[in-house]
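Okay, structure first, notes after.
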Amino acid sequence: MFYPRVLVTGADGLIGQALVRRLADWPEADVLATGLDDTRRHASGSGGYVPLDITQTGALEQLFVDFAPSVVVHLAALSKVEDCEADKEAAWALNVDAMAHLARACKRHGARLLFLSTDFLFDGTDGPYAEDDRPNPVNAYGRSKLAAENAIRLSGLTHWSIVRTSLVFGEGERLKRRNFATLLAALLNRDGTFLAATDQYRTPTYAPDLADGLMRIIRFDRDGVYHIAGRERLTVYDFARQMATAFGFEAEQIEPTTTAELHPGAPRPLDGGLLILRAESELRYRPRPLADALAHLAPRLGVPIPANS
Ligand SMILES: NC(=O)c1ccc[n+]([C@@H]2O[C@H](COP(=O)([O-])OP(=O)(O)OC[C@H]3O[C@@H](n4cnc5c(N)ncnc54)[C@H](OP(=O)(O)O)[C@@H]3O)[C@@H](O)[C@H]2O)c1
């Protein structure tokens, strides 16, 4: 029997909450969630919680001594693309330097590191991308994630995995950052319209499916790079139309635009998305069809909103 001690950084975010919830189904796993707040933001999960700012190296070191993790799932990051572009130094300090320190701590304490990376590592000229395709990021967020991946490869760690994912959507409790689903529902409710890019291809990923893939990496003790995303590749515009319909709105409420118009501050890869064959064959990862994911999510988000509310 395998009894992992799993430390999760950034556990109050979208993916962190989904992962902590998923790990609760694995009774042998001892899970410690960490985040910036003094107390945990969400009720899900059966493990403990302690506050941890991962830039505080002394506190991080003490946590390795106190909890002795066998696996660290590193989710804490500056993940807003525009914020990374606006403050490249802050993005580098959190996404690269703090991560490199964490990798060294994992090495010293003999823990496996599982790091979350992105499809924004690629330039979007020839998607969808496989694990061995050549990265060539087009924005500061992507460059910081590539540098973090390289720091892991050079860290001397024996056991590490890098999971790249794409356009993650879902729900959580008191999330500070909106994701595609919560933003779309909020804007359609408020303005009646939502702008979406017709020239950007992604493989949207439902957070609980990603969490399942992450758990499989831990359970199967897998090293290396895995793409864990949805199986369907489509434009952000088509994705928004499908989501709108599933949430009880009209597809016509989604207005077409271009990526450059929508995001003038930071370029995005256009012909993007991830191939997930490796995760499907080696991890038996099976993301649900997009329509099923949206049908699962809608009631959890409370959409459609009743007309008289
Ligand atoms: N969502 C996606 O589409 C996507 C796609 C590819 C890769 N990823 C990667 O997946 C990871 C998790 O993403 P997510 O969508 O769950 O993002 P998120 O909701 O923004 O979660 C990141 C979490 O990190 C926390 N954090 C920020 N600075 C910290 C610090 N110094 N110390 C400790 N925690 C800190 C944030 O705290 P606050 O909540 O208090 O701000 C937040 O809870 C990130 O590495 C991201 O780059 C995400």
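Not measured: the values here are computed from a predicted model. Numbering of ligands and ligand atoms starts at 1, following listing order. Position 1 is the first residue of the sequence, and the numbers go up from there.
Seen from the ring of Tyr285, Arg216 does not count as a face-on cation partner, given the 6.0 Å and 45° thresholds.
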Walk me through it: do Glu61 and His109 pass the test side-chain hydrogen bond (donor to acceptor under 3.5 Å, both in side chains)? CA-CA 10 Å; Glu61 191 60 37; His109 294 273; 2.7 Å; yes
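Within a 6.0 Å sphere centred on OH of Tyr201, other residues, nucleotides and ligands contribute 12 heavy atoms or fewer. The neighbour count for Asp191 CG, taken as heavy atoms of other residues, nucleotides or ligands under 6.0 Å away, is above 12.
Of all non-hydrogen atoms in Phe247 and Ala298, the two that sit nearest each other are CD1-CB, 3.8 Å.
Contact residues of ligand 1 (protein heavy atom closer than 4.0 angstrom to a ligand atom; sorted by chain and number): Gly10, Asp12, Gly13, Leu14, Ile15, Leu36, Arg41, Leu52, Asp53, Ile54, Leu75, Ala76, Ala77, Ser79, Leu94, Leu116, Ser117, Thr118, Tyr141, Lys145, Thr165, Leu167, Val168, Lys176, Arg177.
Applying side chain to side chain contact (heavy atoms under 4.5 Å, CB included) to Asp12 and the options Leu75, Thr34, Asp37 leaves one that passes, Asp37.
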